[in-house]
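One structure is given here, and the rest of the page talks about it.
Just so it is clear, the structure is predicted and the values come from calculations on it, not from any experiment. Hydrogens, waters and symmetry mates play no part in the numbers below; they use all other heavy atoms, side chains included. Proteins come first, then strands; the chains are lettered A, B, ... in the order of their sequence lines, and each starts at number 1.
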Amino acid sequence: MDPADPCFLDRPSPTVAPDLLGRILVSERPEGRVAVRLTEVEAYTGLDDPASHAYRGRTARNAVMFGPPGFVYVYFTYGMHFCMNLVTGPGTTAGAVLLRAGEIVEGVELARGRRRSARRDTELAQGPARLTQALGIAREQNGEPLPGPVFRLLPGTPAAPELIRQGPRTGVAQGADTPYRFWLDGDPTVSPYRRHVPRRASRTSQ
DNA sequence: TGTAGGATTACCT
DNA sequence: GGTAATCCTACAG
């Protein structure tokens, strides 16, 4: 299905997610344009998904997820990182796809400037917070439309089905057994899988 | 390779 | 008031 089709995102997120692999997401910011070829994504299905931010209902932070598909949900976590999701359907069911990793295919210089700590270009968007930083995305982009002035999905070439792999989601405590993480086999920009590790108890309580 | 530290949001007691 | 969270970086070894 063509990402330019208005119905592209108005489907269940586990259906949309593998269909995003290999597609090009363009981010237009005042400093310039960066485009990323998506290589790793995760689907979150909404109110029925214990790993989803939508699971416990609507809050000020996750309100965008409860709106129609075709918008970008950006959230702040761990006190310093932003991650971005595409809100999917069907309808207003709070489905979303987290963009986890990709290959920068345009604006590499700009992405390098935003990701000074990256030692290789494959690390520029290797991880959800890294991808968001490489695209110059922060809190202000929460609720941006897709397509819109900032974000566009290019038709591009979808990934070959035989390269798509599926497995458990990363870094989630609940629902980690649901195989809603999708990635391109062998791609060097895919972030290494990390099982969720409960955060160490604070020193004072030890 | 492992782990500590960063510091917001939201839920829980 | 406590703690876990869709995580990354620096540094030690």
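When all heavy atoms are compared, the tightest approach of A:Tyr55 to A:Leu47 is CD1-O, 3.1 Å. The shortest heavy-atom contact between A:Glu40 and A:Val190 is OE1-CG1, 3.4 Å.
Within the structure, a side-chain polar atom (N or O) of A:Ser117 is placed less than 4.0 Å from OP1 or OP2 of C:dT9. Of the side-chain N and O atoms in A:Thr59, one or more sit less than 4.0 angstrom from OP1 or OP2 of B:dA10. For C:dT6, the OP1/OP2 oxygens have a side-chain nitrogen or oxygen of A:His53 closer than 4.0 Å. Applying the 4.0 Å criterion to OP1 and OP2 of B:dC12, one finds that A:Arg56 has a side-chain N or O inside that range.
C:dT6: no Watson-Crick or G-U partner with both key distances under 3.5 Å is found in any strand.
Using a cutoff of 4.0 Å between basic side-chain nitrogens and carboxylate oxygens, A:Arg33 and A:Glu106 are scored as salt-bridged.
Of the candidate nucleotides C:dC8, C:dA5, B:dT8, B:dT8 has the atom lying nearest to any side-chain atom of A:Phe76.
Using a 4.0 Å heavy-atom cutoff across all strands shown, A:Arg139 reaches sugar-phosphate atoms only and no base atom. Note on A:Ala96: nothing from the nucleic acid sits closer than 4.0 angstrom, heavy atoms only. Counting any heavy atom pair closer than 4.0 Å across all strands shown, A:Arg115 reaches sugar-phosphate atoms only and no base atom.
Using cut-offs of 30° and 60° on the angle between ring planes, the pair A:Tyr75 and A:His53 is perpendicular.
No donor-acceptor contact under 3.5 Å links the side chain of A:Tyr78 to the base of B:dT8.
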